Protein chains: 2
Amino acid sequence: MYRKNVEQKGKLNPHVSVDCAIFGFDFEELKILLIERVKPTEIPNDYFFRNISLPGNLILDNEDLDTSAKRVLRELTGLDNIFMEQFYTFGDPNRVKSKYDEEWLKSIREEPTARVITVAYYSLVKLDKLNLHAASFAQNASWYPVSKIPDLAFDHNQIVYKAIQSLKHKLHTEPIGFELLPEKFTLGQLQKLYEIILNATLDKRNFRRKILSKKVLIPLMEKQVGVPHKQAQLYSFDKEKYEEMRTEMVGFDF
Amino acid sequence: MYRKNVEQKGKLNPHVSVDCAIFGFDFEELKILLIERVKPTEIPNDYFFRNISLPGNLILDNEDLDTSAKRVLRELTGLDNIFMEQFYTFGDPNRVKSKYDEEWLKSIREEPTARVITVAYYSLVKLDKLNLHAASFAQNASWYPVSKIPDLAFDHNQIVYKAIQSLKHKLHTEPIGFELLPEKFTLGQLQKLYEIILNATLDKRNFRRKILSKKVLIPLMEKQVGVPHKQAQLYSFDKEKYEEMRTEMVGFDF
DNA sequence: TCAAAAGTGTTCGGTTTACACCCATGA
DNA sequence: TCATGGGTGTAAACCGAACACTTTTGA
């Protein structure tokens, strides 16, 4: 059914796929969205096997790589306009690592033995925008803390590792943290996000000073409600202003 | 002949290529190595056309992407152990931009209309190690200043642009400048390299202080000779020490 | 009244910047 | 002797790091 769904939209290119490392932040941990497929197997005394992997798919033959990655995201999350960036391409001829991988490919691909290279993207989603029960939210997708990622199919553990590296690096140089937070957020939430992704503890006063000095946060006329402590000022990210500033100056460090 | 030469080594994968942006530095400018192929054409009154492009080739079917890029480099320059890094993958279905591109593909490819996505690498070579007259230095390859790059085949102008961006970025965060200089170099040469690649002027005293404070340059017992001014101290880059330091600390800025 | 996070300034030390003159060499 | 790049120190501005207490709220 999955295959059919895709084929309606064009001819699959059996040689190139995209895989997406989709990150979310729940104010506690950095999470990654993985899909699990269960398939009966012919191996005796082993009637099912689990195939946990990154969401991804073969590209369509008339489709740009970015478009393809966006499609994978939309099919899985129902979301458009998600922050997304290509970070690396994996092409080890031995990417298929186990008998399970082979079995799995046989069950979903027209050309299961074709060599496939995969272009990997990471993307950042605002969890509050995501409706996990949307009809479009297909398959057995679930969020895993990046600190507890299981054994994945193919070379996906390696891809996830590199995705996290790239994310960390990007967080140092561009204001992408906001992509993981709701439109309205507190400085405390932002700080926690930085601390968790960078795996460091930051000084509250210094962090606030630094972030506010960038002049890309808009303080809202609104405060947090329903928290058992002092209500924090809410801010939103001024993307337009940031884009302006970025074109003017070089090296806008975060 | 070119095709045959490659096919001896394995079966070509007609869907994926690698392209290499090879940079060199002659103490004056940053240069890039481009190849030019001239082919008779059937277009009336237009008996030849020029095809200037990045060196690149289809990958072999049993070959890793990095290996493939190394092969392209070795076939062209005769050099092994060159600094090399994958920076982006280009997969626009309309990468073939002109009638010339189509013609060219027809003359060299088994499947000239197949869609090809290309994994792009940049690499840095020490010009003094390169023997332009080596037998292995095939085809009409020549160095172009990056400030004067002609119209290239396919989407290669775009690839070059992104390669230069990546190189600049990398130069800020890692000591890759040494890869473009001879083993023994002066601080003046190093500074000039930074100034040219980053397109900025740097203060001599501050530059020296900063570079020397990293403690990865070994002052040699040797001075420049044959220059019509004071002879400069020669240095070499202590790669081992740098690797050590890098694993210990994070964020070794250049 | 308690727990939990919000909010707020100052000091210190290191880093970055700006800046100018004499030196050694080959032509 | 001239043109060319090599080599050097210091002061001021700036930036990052460290650090502690009061406030507001809901439970």
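Numbered from 1 within each chain, the chains take letters A, B, ... in sequence-line order. What you see is a predicted model; the values in this text were computed from it and never measured.
In this structure, the CG atom of D203(A) is 14 Å from the P atom of dG9(C), given to the nearest Å. Residue K214(A) contributes atom NZ, which lies 10 Å from atom P of dC15(D) at whole-angstrom precision. Across the protein-nucleic acid pair, K223(A) atom NZ and dG7(C) atom C1' stand 9 Å apart, rounded to whole Å. dG7(C) atom C1' lies 11 Å from atom CG of L212(A), rounded to whole Å. Rounded to whole angstrom, the span from the CD atom of Q191(B) across to the P atom of dG6(D) amounts to 8 Å. In this structure, Q233(B) atom CD and dT25(C) atom P are separated by 14 Å, rounded to whole Å. Atom NZ in K210(B) sits about 11 Å away from atom P in dT15(C), given to the nearest Å. Here dT17(C) presents its P atom at 10 Å from CG of L202(B), a figure rounded to the nearest Å.
Put simply, the residue from K170(A), K239(A), K129(A) that forms a salt bridge (Lys or Arg N to Asp or Glu O under 4.0 Å) with E179(A) is K239(A). Partner of Y121(A) under the side chain to side chain contact (heavy atoms under 4.5 Å, CB included) criterion, chosen from V72(A), L73(A), L65(A), D19(A): L65(A).
A close approach under 4.0 Å does occur between a side-chain nitrogen or oxygen of R208(B) and OP1 or OP2 of dG7(D). For dT24(D), neither phosphate oxygen OP1 nor OP2 lies less than 4.0 angstrom from any side-chain nitrogen or oxygen of Q231(A).
Listed candidates were dA20(C), dT8(C), dG7(D). Nearest to the side chain of R205(B) is dA20(C). For K204(A), counting side-chain heavy atoms from C-beta on, the closest listed nucleotide (dT17(C), dA18(D), dG7(C)) is dG7(C). Nearest nucleotide to the side chain of K230(A), out of dC19(D), dA6(C), dC19(C): dA6(C). Considering only side-chain atoms of R209(A), the nucleotide from dA24(C), dA18(C), dA17(D) that sits closest is dA17(D). In the set dG9(D), dG6(D), dA6(C), the nucleotide with an atom closest to the side chain of A232(B) is dG6(D).
Between R71(B) and E75(B) there is a salt bridge, with a side-chain nitrogen of the basic residue lying less than 4.0 Å from a carboxylate oxygen of the acidic one.
Two residues, N206(A) and P228(A), neighbour DNA chain C, and the one matched to the more 5' nucleotide by heavy-atom proximity is P228(A).
Within 6.0 Å of CG on N81(A) lie no more than 12 heavy atoms contributed by other residues, nucleotides or ligands. Within 6.0 Å of NZ in K126(A) there are more than 12 heavy atoms belonging to other residues, nucleotides or ligands.
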